[in-house]
Every structure is written in C-alpha cells, then in structure tokens.
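None of the values given here were measured: they were computed from a predicted structure.
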Amino acid sequence: LLGGAAVPVLKLAVAGSRIEKAVERAVRRAGVKRAVDFRGWVQEHLPDGAGALHRFTNQDNASRCVLDEILLDGGVLCTSEELMQQRVEVWTKLWGERDEATNCEEVKEWQLELLKMPLGFDQLEDEELFPAEAIRRCLKGAPPKAALGTDQWRPHDWAELPDEGLEQLQRILCGVEREVRWPVQALHNIAVFIGKPTVPPSERSITLAAGLYRLWCKLRRPQVQDWEVGAAGFWDKAVAGSSALQAAVRRELQHEVAATLGLCTGGVYWDLEKFYDSLQPSIVMVKAAELGFPARVLTLGMMVHQAARSL
C-alpha cells in the first residue's frame, strides 16, 4: 500500500483489533454469567426431581412426523404409496440407480492403488492393526438403542462377545483394511426420513449404515481427528465443537461491539440450501487427497457412502 491508502487501512486494522478484544471480553463475561445462572437454576429445581431439566432440554426436540398421506377437503389427495413413489423419483435423480458394486472411478482407481502400495499392512498382526481392547471399548461405548441398518446389528450388541467372538470380529475388520473391500452385507444402506418444521412441511433423509461400518468408523475416528487438527484453517468454523449458530452469534456480536464503539459495520450471511446434495464424490476425493486425508479411510468410507440405498 502506498501514499494515503495506508492511513485508512491502518485505521481499519486498529478498529478490527479493538472489536476483537471487546468481543473476547464480552464472550468471557457472558460465559461466566451463563454458568452461574444455569447452576442456580439447576439447584433450584433438582430438589423436586429432574423433570424440569428434562422438559427444558427437550423442548425444541419434539419429533416431527413425516407425511403419510395428503388430505384435501376430507378426501385423500395423495396416498402413502404415491408419496413413496415420489420420494423414489426425487432421490433417484440425486443418487442415481445403483447397487453395492457402483462407485465413482476415483474409488475404483484408489482401491487398486492401495492394494499395490507396500504399506506394511500384510506384515502387521491383527492385534497391531485393530487392538482387541480398542474394539471392546468402542463396542461398550456405542449407543445401545441406535436404529438398525440392513444387517440388523448394533455395535453395542457385540459388546458381550466372548474373546473368541471378538477375535473373529477383529479378523473381519483387518481383512476389510488389508483388501480395501467390504463384505457385501455392509454395502447396503437404509434411507429414512425425518420431518422438518417448514411451511409447507418438508423432510430430510438420514442413512442407516451397517453395524460393521459404524464400528469401523469409531475405530478410525482418532486417525481422522488427528487429520482435522492439522487441516482446519484459522478461518474455518466447520470444526469439532463449533456450529452454524455459534458462528452467526459471534459475528452478530462483532457488529454490536463495533456499533457501540461508534464504528460502521456490515456483514454478509450466506446460507447454501442443500449444499451437501450438490457435492460430487469424485471432486471430494481429489480435494481430500490434496489436503492429505488418510487414503485408505477415504476409499473405504466412499465405498459405503456410494453403495445402494433402500428407502
């Protein structure tokens, strides 16, 4: 920057620093006050039981029903069968018609390359690849009432396996990683729908994967978390412990602090509708590779995420 342009920029930098320091102080004060207020509220209500606490924490989580049929003037405008057929048409356009063997070319290429790479997997003992203690710990920590996938198993269901059964499970997991291939039973997902409080009513889909895949994800989670720590940018709010609401509230606080300091402020809030539906798996894999995401984890994960879905 040359000449007179440096002065306004310097002023902006100083103003920005003042805003950030004021925001940090406000966040700390609000955090302390919120903790004190909440602690007092809990102490006040606990003597009569925890019912008030449960009602408070669940007040915004009432389950919303998915439309079963559409009624008009006392008659059926659209039956449940017709609604399901409409869902099939909509989601088939997005996901395509596929079976368990359908994957993008990048997945197939990576699978072949990983099989060629001398990563030492063949030399590793099963206990080194997936320690039995780690498997048992993941099984016991898994949700006991999670919804079932197509294999009708929850990882928690295997928590009480005898050592011989755990050894067989360990052998299956090690085979998946060494061969970069899932048993066919794990390559089938169930898509279920959850109602959304929009006008008119809408719904979103969630996918229930097989129990074996869920267990593998829990076992490989530390590896992915290590990557996240090194890969997240200083500007990135889509990280563990953050949320869209937290990011929006913090930015709004910055505006309020700037206004209090007598400064002009402006901001842009950009919400991408159906953002994840627009992602192309092939592009995601290329970008993930550029950022150093673990290749074997990425390939095995994509195999399941691109596998067949039943509504």
>> I want to check something: taking the side chain as every heavy atom from C-beta on, are Met303 and Arg181 in contact at a cut-off of under 4.5 Å?
In response: no
> Is the CD atom of Glu160 crowded by more than 12 outside heavy atoms at less than 6.0 Å?
Replying inline: no
>> Give me the atom names and distance for the closest heavy-atom approach of Arg87 to Phe193.
In response: CD-CE1, 3.6 Å
> Roughly how far, to the nearest 0.5 Å, is the CZ atom of Arg309 from the CH2 atom of Trp91?
Replying inline: 9.0 Å
> So do the side chains of Leu161 and Gln168 get within less than 4.5 Å of each other, counting heavy atoms only?
Replying inline: no
> Do you reckon Leu261 sits in the same ILVMFWY cluster as Leu253, going by side-chain contacts under 4.5 Å, direct or chained?
Replying inline: yes
> Looking only at heavy atoms, which two atoms of Leu139 and Pro155 are closest? And how far apart?
Replying inline: CD2-O, 3.1 Å
> Do Val304 and Arg214 pass the side chain to side chain contact (heavy atoms under 4.5 Å, CB included) test, and can you show the C-alpha distance, the side-chain angles, and the key distance before you say yes or no?
Replying inline: CA-CA 11 Å; Val304 175; Arg214 299 185 204 184; over 6 Å; no
> What heavy-atom pair brings Cys138 and Lys218 nearest, and what distance separates the two atoms?
Replying inline: O-CE, 3.4 Å
>> Within this structure, what is the CD-CE distance for the pair Gln306 and Met285, rounded to the nearest 0.5 Å?
In response: 8.0 Å
> Between Gly301 and Tyr213, what is the shortest heavy-atom contact and its length?
Replying inline: CA-OH, 3.8 Å
>> Could you tell me if the side chain of Leu311 sits less than 4.5 Å from the side chain of Gln85, heavy atoms only?
In response: no
>> Which heavy atom of Ile190 sits nearest to which heavy atom of Leu148, and what is that distance?
In response: CD1-O, 4.2 Å
> Does some side-chain heavy atom of Leu291 sit less than 4.5 Å from a side-chain heavy atom of Trp227?
Replying inline: yes
> Could you state the interatomic distance from CD (Glu228) to CZ (Arg221), rounded to the nearest 0.5 Å?
Replying inline: 8.5 Å
> Same hydrophobic cluster for Ile172 and Leu129, using side-chain heavy-atom links shorter than 4.5 Å among ILVMFWY?
Replying inline: yes
> Measuring from Leu212:CG to Trp182:CH2, what's the distance to the nearest 0.5 Å?
Replying inline: 5.0 Å
>> Quick check for you: to the nearest 0.5 Å, what is the distance between Leu215 atom CG and Arg220 atom CZ?
In response: 10.5 Å
>> For Leu166 and Gln170: C-alpha separation, side-chain torsions, deciding distance, then whether side chain to side chain contact (heavy atoms under 4.5 Å, CB included) applies.
In response: CA-CA 6 Å; Leu166 193 69; Gln170 181 188 57; 5.7 Å; no
>> Please evaluate residues Glu167 and Ile135 with respect to the criterion side chain to side chain contact (heavy atoms under 4.5 Å, CB included), reporting the C-alpha separation (whole Å), side-chain torsions for both, the decisive distance (0.1 Å), and the verdict.
In response: CA-CA 10 Å; Glu167 183 180 338; Ile135 297 175; over 6 Å; no
>> Does anything in residues 130-158 form a side-chain hydrogen bond (donor to acceptor under 3.5 Å, both in side chains)? List the pairs, not counting sequence neighbours.
In response: Arg136-Asp163
> Can Glu256 and Glu252 be said to form a side chain to side chain contact (heavy atoms under 4.5 Å, CB included), step by step?
Replying inline: CA-CA 6 Å; Glu256 294 181 10; Glu252 185 60 30; 4.0 Å; yes
> How far apart are the closest heavy atoms of Thr265 and Ala258, and which atoms are they?
Replying inline: CB-CB, 4.0 Å
> What distance do Gln225 atom CD and Gln223 atom CD have between them, rounded to the nearest 0.5 Å?
Replying inline: 11.0 Å
